[in-house]
Trainee: 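So that we are looking at the same thing, I have put the structure below in structure tokens.
In what follows, chains carry the letters A, B, and so on, assigned in the order in which the sequence lines appear, proteins first and then strands, with residues in each chain numbered from 1. Computed from a predicted structure; not experimentally measured.
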Protein chains: 2
Amino acid sequence: MKILIVEDEKALLSTVGNFLTKQSYICELAENFQTADQKVSIYEYDIILLDITLPDGNGLQLLKTIQKYNSKAGVIIISAKNSLDDKINGLDLGADDYITKPFELAELNSRIKALIRRRQFNGSSLVAFNEIEINTDSKEVTVKGNKIVLTKKEYDLLLFFIVNRNRVLTKEAIAEHLWQDNIDLADNFDFVYTHINAVRKKIKQAGGNDYIKTQYAMGYKFTDS
Amino acid sequence: MKILIVEDEKALLSTVGNFLTKQSYICELAENFQTADQKVSIYEYDIILLDITLPDGNGLQLLKTIQKYNSKAGVIIISAKNSLDDKINGLDLGADDYITKPFELAELNSRIKALIRRRQFNGSSLVAFNEIEINTDSKEVTVKGNKIVLTKKEYDLLLFFIVNRNRVLTKEAIAEHLWQDNIDLADNFDFVYTHINAVRKKIKQAGGNDYIKTQYAMGYKFTDS
DNA sequence: ATGGTTCTTTAGATTTCCTTAAGATTTTTT
DNA sequence: AAAAAATCTTAAGGAAATCTAAAGAACCAT
């Protein structure tokens, strides 16, 4: 099982490299965009760990090279905190999973294992939270195996929640993600209510739990507990 | 992610403060050189927004204090129009970016995000004081591992205390932080009592110590000793 | 154009919690 | 020791945030 680790922070790079080597993976390291791009276009990897913030280029660009020369590889994005949208852009561009800095090595390990497991069965990219699954390729959403049909806004909203699980998201942050620039930040964001209501309704109808927890005056949190 | 906003125009200060708070940053405000200098030399920040034209000193001077005590912080200079030299001096003295008045909140936001990305903050989302822990991502608060549920005002208050530990905070300072602009300085601040009482009660109920020490006629201090 | 879908707006119902007020308690001053 | 000032505590009315449903507006494919 070959893994390429792309990360410009040297300390982190070698920590992760050492750890994964001990876990019996064959590791290669790249600490900038150029090296990574070169390696990806020449060699084959099973897993690529990709930090998207690199000094000499954006890791998201690398995803294109990966798709071209290394389409069988599974990609886990390493994202900086607070770059909420990067995660989703990554998933759109073909990444399979993401992990937020700082992270536990144990967590990284279990995500790698999960990815390997998934890849062996079907090559599609899945984002899941308990009984809710999103296939980001086909954009299909299932709840307890039942397919539910979401509109684009609803889909974006649910994906945003699941990718940012266990994080309180303010209405403003949600609005900013869903409407990008077409939004007046001084506006009121009451229309968010409507879409949250719609998503809740559809998940409930399919027999799913309501993981969207309202935190009065703070925002919403997608969580188990 | 902690941000210090240094700006003498009160209206702008509170607008920016409110906005960034809603974007899930932990904000502190300073409306003159002296306060800012003091805060910078005592506390740690991730980002400092710095207006250089202050009534009681030049913001560029502050950069030296920042360098000395807060060298990890990223600095964005807020400059008045046409003071090009200030910008250049600022960048020379270690600022990371600048933004010109008047500016859009959206623009400020994206510059902050860019700065975070560049600096690759692994902004710790844990704030702790002995047996009390606050996860600022999930906004969960635990006391001896027991989760307690706080309202927004209570949460803000506790966070303010812990961030400003070992420091006597007047009722006025607390009120100013919790209510930002919506406050009449001629008012009495009796309502602070109610919230302090609520926080104390909930922490006690979860088996925690009462670190909120009342200093008669002076204020409150969150401390061990 | 037309019909269907999705998005936004509106407004009333509901929930949550913030402020107020008033009496009790503590600390300081006289 | 009494008076004054500051703080504590509790409960209830009202303000603010959220929910919900339904109608109007925009969009899209035919």
Trainee: Go through the steps to decide whether A/L158 and A/I132 satisfy the test side-chain contact (heavy atoms from CB on, under 4.5 Å), and finish with yes or no.
Mentor: CA-CA 10 Å; A/L158 181 60; A/I132 299 175; 4.3 Å; yes

Trainee: Just say parallel, tilted or perpendicular for the rings of A/F129 and A/F222, cut-offs at 30° and 60°.
Mentor: perpendicular

Trainee: Given atom CG of B/D156 and atom P of C/dC17, what is their separation to the nearest angstrom?
Mentor: 13 Å

Trainee: If I take atom NZ in residue B/K153 and atom P in nucleotide C/dT16, what distance separates them, rounded to the nearest angstrom?
Mentor: 18 Å

Trainee: Considering just the side-chain nitrogens and oxygens of A/K171, establish if one lies under 4.0 Å of OP1 or OP2 belonging to D/dT18.
Mentor: yes

Trainee: Quick one: does any side-chain atom of B/K213 pair with a main-chain N or O of B/T223 as donor and acceptor, under 3.5 Å?
Mentor: yes

Trainee: Would you kindly give the CD1-to-C1' distance between A/I174 and D/dT18, to the nearest whole Å?
Mentor: 13 Å

Trainee: Nearest whole Å is fine: how far is D/dA21 P from A/Q205 CD?
Mentor: 12 Å

Trainee: NZ of A/K152 versus P of D/dC28: gap in Å, rounded?
Mentor: 12 Å

Trainee: Donor-acceptor check, side chain of A/T170 to backbone of B/K22, threshold 3.5 angstrom: yes or no?
Mentor: yes

Trainee: Quick one, which residues of residues 212-225 of chain B touch DNA chain D with a heavy atom under 4.0 Å?
Mentor: B/T214, B/Y216, B/A217, B/Y220

Trainee: In whole Å, what is the span from the CZ atom of A/F191 to the P atom of D/dA21?
Mentor: 20 Å

Trainee: Take atom CD of A/E172 and atom P of D/dA17, then tell me their distance rounded to the nearest Å.
Mentor: 11 Å

Trainee: State plainly whether the residues B/K2 and B/E44 are in salt-bridge range, i.e. N to O under 4.0 Å.
Mentor: no

Trainee: Check the angle between the aromatic planes of B/Y220 and B/F161 and answer parallel, tilted or perpendicular using the 30° and 60° thresholds.
Mentor: perpendicular

Trainee: Has A/R111 got its NZ or CZ under 6.0 Å from the middle of the six-membered ring of A/Y98, at an angle within 45 degrees of the ring axis?
Mentor: yes

Trainee: Is there a donor-acceptor contact under 3.5 Å from the side chain of B/E9 to the main chain of B/A11?
Mentor: no

Trainee: For DNA chain D, which residues in residues 192-204 of chain B have a heavy atom at a distance below 4.0 Å?
Mentor: B/Y193, B/T194, B/N197, B/R200, B/K201

Trainee: Checking side-chain contact (heavy atoms from CB on, under 4.5 Å) between A/L157 and each of A/I162, A/T151, A/I196, which is the one that passes?
Mentor: A/I196

Trainee: Nearest whole angstrom, please: distance from the C1' of D/dA15 to the CH2 of B/W179.
Mentor: 15 Å

